[in-house]
Asks: 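Okay, handing you the structure first.
Throughout, a chain's letter reflects where its sequence line sits, starting with A, and its residues are numbered from 1. The structure presented is a predicted model; accordingly, all values stated were derived computationally and were not measured.
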4 protein chains.
Amino acid sequence: MPEQPRRGRPPLAGLPERRRQQIIESAYAVFVERGYEATAISDVAAHAGIGQGTVYRYFASKREILDHVVDFGFEKLIDALEPQSLLSRPNSAEELLAGVRAAITRLYAMLEHDPDFVRLALVEASAIDKELSDRLLGVELLVSTFVAQELRRGVAAGWIRADIDPEVTAHVTLTLVVPGLLQEMRGDNTPQARERATASMLTLLEKALRPSHSVTAGPAR
Amino acid sequence: MPEQPRRGRPPLAGLPERRRQQIIESAYAVFVERGYEATAISDVAAHAGIGQGTVYRYFASKREILDHVVDFGFEKLIDALEPQSLLSRPNSAEELLAGVRAAITRLYAMLEHDPDFVRLALVEASAIDKELSDRLLGVELLVSTFVAQELRRGVAAGWIRADIDPEVTAHVTLTLVVPGLLQEMRGDNTPQARERATASMLTLLEKALRPSHSVTAGPAR
Amino acid sequence: MPEQPRRGRPPLAGLPERRRQQIIESAYAVFVERGYEATAISDVAAHAGIGQGTVYRYFASKREILDHVVDFGFEKLIDALEPQSLLSRPNSAEELLAGVRAAITRLYAMLEHDPDFVRLALVEASAIDKELSDRLLGVELLVSTFVAQELRRGVAAGWIRADIDPEVTAHVTLTLVVPGLLQEMRGDNTPQARERATASMLTLLEKALRPSHSVTAGPAR
Amino acid sequence: MPEQPRRGRPPLAGLPERRRQQIIESAYAVFVERGYEATAISDVAAHAGIGQGTVYRYFASKREILDHVVDFGFEKLIDALEPQSLLSRPNSAEELLAGVRAAITRLYAMLEHDPDFVRLALVEASAIDKELSDRLLGVELLVSTFVAQELRRGVAAGWIRADIDPEVTAHVTLTLVVPGLLQEMRGDNTPQARERATASMLTLLEKALRPSHSVTAGPAR
DNA sequence: AATGAATGAGCTTTCATTCAT
DNA sequence: CATGAATGAAAGCTCATTCAT
């Protein structure tokens, strides 16, 4: 018996990963459509065009699928925001604001291209529990900690006013996207409305961050 | 069922309304405890000390109860924030900020007294759907429209800088409570942390709203 | 509110217990018919003429129903064997054997009246696990311990031969019913066959227990 | 079946049979480990190191595998008991008892060497149905018929008392192993306990079978 | 009006079996 | 032949809702 020549159907290398992705995307679609609790696994399977049992070959439970859907959403979001551009450490208020503006613009671009994305928030919300909310809060904390660091750099360099609280301000800065998302959810998603909202929020941020002496010292903006 | 003629006083006219309230409060308690989906009507009934069937004499469905629980939560929130104080139309940036500070302080006081309240957000989230989210957005829109009006008044009167967008700024202003709520959910709810967050957010708001009077050198008011 | 006059439908005192019994008996019937694993709760419900959900109002799980079915079987068995008659402590080999014979006779009477009972063994077997087998072994141990005690008394009094091991012999004595049960399961359940089997087993037991000197010393029976 | 041209050497004629045996032994192992119902075909396949589909090339159904596992168990048992030694027709009570003792001893030896075997009873039990129980009863009947024959020979030859019922006594004799098995299941499997049980059971059997020669005062045969 | 017993639709999950490769 | 991916039937169980009393 010279070592069997690999009997049986070859296991199709990429198949598992593709199937998983297929299921995640279907789940994403139906979760967004009807919400997590209201969606049955059979709905996910039907949307993916496979049998219910097949879903369980790739995921251990409905809950695990949600986790991956959330990851999927995060990835989409992170990709859209190009966080690396935020990592290009700004050296002036202008650069910081430009970075934020660019991120917001990309966010809107993504929302336009994938309108369902906003509703993902609802999906996540609809299945929120201690663990999931911890994850979400964790991501927010991580990002805002990074932002706070940049703010601190700006304060040290003098291009951000000294009397802010970096941590809190970082949280607030992230929160600035919320009104925009609400606006989208409300359906008021014309380019004009977006631009107006973006401009206003940046102005607000600018006023809040820029040292006041710059007013007297130079042209504001 | 003879009974009819209905002699004597009507059987406690207010009873039905009190029963409804009793059920809503019980639902509030158990929803907050375990979440909407995970709560059975029997849990609500048991908490209220009545039979399950009775619940259905006062509400048509579990979902309808949620609607009222949400209303109940809003009422609690509104009561805590004493919106009438916001209605005392401010006549200076100081007054406006003082009003906001007072509202935030009351919010924190309420959270301390009724910590479960933060969790209500999760409960609502866990049952969120188009209709409910529309309602929530509607409330936000209503309040922010009012705030925008005040902002516009401030602009006209010169104690708020002219280059803000009242609507967007109003939304952003409301959003300012979000970091605080996140903070609470994260469990970081010491008085110090609260005060620090409040102060920072107010500073930010102040910088963003106050006219750079030094520049115009004109009377803010 | 002078204390409500016990509003609502009165909870029908005996109902729960009757329902439980009804379900247990239906489960007994279908378990015996098809076996435990092969029986669905819906089968039990259908046999009882109730909805599946109702079953779960009275029992927490399918397994719990089995436990009660087994108890039900044990009760039937114990009642049939009239263990109290075994408790009438025998004072001679004759009395002991008479007691055993009576018990076996009652067992057969019961089997004739309720032929499904033998199949209960299969049901129990089909669901056997550590816990259940422990229970069964526990009962066997209990009874045989009691029997061993009687045997020891007989040894002390001289009407049982001294060279037996009371414990082992007690176990063996109980085991003597097994061939009879097998016979029943085999369908060979004529009165003649039963009598023949009973007589043989008793003879065997007699020879095994009776002191040999009695042969020479006196009339053996 | 004309067996076709069949060029070259036949592809390991014995292979199919070896595969079957491999599957049966794997099934034996996992059935004993987890029980029949709780074992999935994939478990059997995994244990055998083959694909699930392959199992179905050798057996039509899970149930059929069980049948063979039971056979396998019987074979093990029969091999251990060396029935041929029982077939060496005894010519005295001593020889008979010695044979039984030897068989019991070998049984214990086997249990010690393959402790899972006792659990096979449970496995079989967990899947017991009419057909399987018929098979088991059939085997018991077969063996006891043979034993009965030997007993009859002993009666005829005078070294077994005349007043026994050969059939029933044969059944009882086989049943004598039951207490020992129960003892093992109970975990009380020390050599001492085994020896004590064996001795007691043999003594009992001896008393039950041996003619009260003292009475006849003559040598049996 | 109030109750809780009853229900069945519907859920998640398992797995024996089939079959394209 | 061997394989493992695919499947759908079926199971146990939950619970919103109904309704006889």
Side-chain angles (χ1 to χ4, degrees), chain A residues 4-12 15-16 19 37-45 48-63 65, chain B residues 1 3 11-12 15-16 19 37-46 50-65, chain C residues 4-12 15-16 19 37-45 49-65, chain D residues 11-12 15-16 19 37-46 50-65:
Chain A
Q4 301 96 328
R6 203 37 60 212
R7 252 103 60 98
R9 175 188 193 168
L12 235 49
L15 206 249
R19 269 271 193 269
E37 299 279 2
T39 300
I41 287 294
S42 59
D43 297 326
V44 176
I50 60 179
Q52 321 173 32
T54 308
V55 174
Y56 282 89
R57 281 187 57 77
Y58 295 95
F59 297 94
S61 69
K62 188 185 175 187
R63 179 53 207 270
I65 297 176
Chain B
M1 229 183 295
E3 186 46 47
L12 296 184
L15 206 243
R19 268 270 201 269
E37 299 281 358
T39 300
I41 287 293
S42 59
D43 297 327
V44 176
I50 62 178
Q52 323 171 32
T54 308
V55 174
Y56 281 85
R57 292 201 66 79
Y58 294 96
F59 298 94
S61 69
K62 187 185 177 187
R63 179 53 207 272
E64 196 192 301
I65 297 176
Chain C
Q4 301 95 328
R6 203 40 53 218
R7 252 102 60 99
R9 175 188 192 166
L12 234 48
L15 205 248
R19 269 272 194 269
E37 300 279 2
T39 300
I41 286 294
S42 58
D43 297 327
V44 175
I50 61 179
Q52 321 174 30
T54 307
V55 174
Y56 283 90
R57 282 188 57 77
Y58 296 94
F59 298 94
S61 67
K62 188 186 177 186
R63 179 53 206 269
E64 196 192 301
I65 297 175
Chain D
L12 296 183
L15 205 245
R19 267 269 201 272
E37 299 281 358
T39 300
I41 286 293
S42 59
D43 297 327
V44 176
I50 61 177
Q52 322 172 32
T54 308
V55 174
Y56 280 85
R57 294 203 66 80
Y58 294 95
F59 298 94
S61 69
K62 188 185 175 186
R63 179 52 208 273
E64 195 192 302
I65 296 174

Asks: Within less than 4.0 Å of OP1 or OP2 of F:dC1, is there a side-chain N or O belonging to D:Arg57?
Replies: no

Asks: Extract the stems that DNA chain F is part of, considering only consecutive pairing runs of at least three Watson-Crick or G-U wobble pairs, both distances under 3.5 Å.
Replies: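 E:2-21 with F:2-21 - these are the stems of 3 or more pairs that involve DNA chain F.
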
Asks: Roughly, in whole Å, what's the span from NZ in B:Lys62 to P in F:dA16?
Replies: 4 Å

Asks: Let me know the distance between CZ of B:Arg63 and C1' of F:dC15, rounded to the nearest Å.
Replies: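 Between C1' of F:dC15 and CZ of B:Arg63: 18 Å.
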
Asks: Rounded to whole Å, how long is the line connecting atom CD of C:Glu64 with atom C1' of F:dG12?
Replies: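 Spelled out: CD on C:Glu64 to C1' on F:dG12 is 14 Å.
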
Asks: Please round to the nearest 0.5 Å and tell me the distance separating atom CZ of B:Arg57 and atom CD1 of B:Ile50.
Replies: 11.5 Å

Asks: Which part of the nucleic acid, if any, lies within reach of B:Tyr58 when heavy atoms closer than 4.0 Å are counted: base, sugar-phosphate only, or nothing?
Replies: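 Counting heavy atoms under 4.0 Å across all strands, the contact made by B:Tyr58 is with sugar-phosphate only.
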
Asks: If each of B:Ala60 and D:Val55 is mapped to the nucleotide of DNA chain F with the nearest heavy atom, which maps nearer the 5' terminus, i.e. the 5' end?
Replies: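 First, find each residue's nearest nucleotide; the 5'-ward one identifies D:Val55.
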
Asks: Taking the side chain as every heavy atom from C-beta outward, state whether A:Arg19 and A:Pro16 have any atom pair closer than 4.5 Å.
Replies: no

Asks: Which nucleotide in the set F:dC13, F:dC15, F:dT17 lies at the smallest distance from any side-chain heavy atom of B:Ala40?
Replies: F:dC15

Asks: Taking any heavy-atom pair under 4.0 Å as a contact, classify C:Ser42: base, sugar-phosphate, or nothing.
Replies: nothing

Asks: Reading DNA chain F from 5' onward, which residue's closest nucleotide shows up sooner: A:Gly53 or C:Asp43?
Replies: A:Gly53

Asks: Go nucleotide by nucleotide along DNA chain E from the 5' end; which of D:Thr54 and B:Thr54 gets its closest nucleotide reached first?
Replies: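 The residue closer to the strand's 5' end, by nearest nucleotide, is B:Thr54.
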
Asks: Minimum heavy-atom separation for C:Gln52 and C:Ser42, please, with both atom names.
Replies: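 Shortest heavy-atom contact: CD-CB, 3.9 Å.
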
Asks: Looking only at side-chain atoms of A:Tyr56, point me to the closest of F:dA16, F:dG12, E:dT14.
Replies: E:dT14

Asks: Using whole Å, what does the distance between atom C1' of nucleotide F:dC13 and atom CD1 of C:Ile65 come to?
Replies: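 Interatomic distance, CD1 of C:Ile65 to C1' of F:dC13: 11 Å.
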
Asks: For the side-chain contact (heavy atoms from CB on, under 4.5 Å) test, which of A:Val55, A:Ile41, A:Val44 pairs with A:Lys62?
Replies: A:Ile41

Asks: Taking only the side-chain heavy atoms of D:Ile41 (C-beta and beyond), determine which of F:dT17, E:dT17, F:dT3 contains the nearest atom.
Replies: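 The closest nucleotide is E:dT17.
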
Asks: To the nearest Å, how far apart are B:Gln52 CD and E:dT7 P?
Replies: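 These atoms are roughly 15 Å apart.
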
Asks: Would you say D:Arg19 reaches F:dC1's phosphate, i.e. side-chain N/O to OP1/OP2 under 4.0 Å?
Replies: no

Asks: Rounded to the nearest 0.5 Å, what separation is found between the OH atom of B:Tyr56 and the CD atom of B:Glu64?
Replies: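 If I round to the nearest 0.5 Å, the distance is 10.5 Å.
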
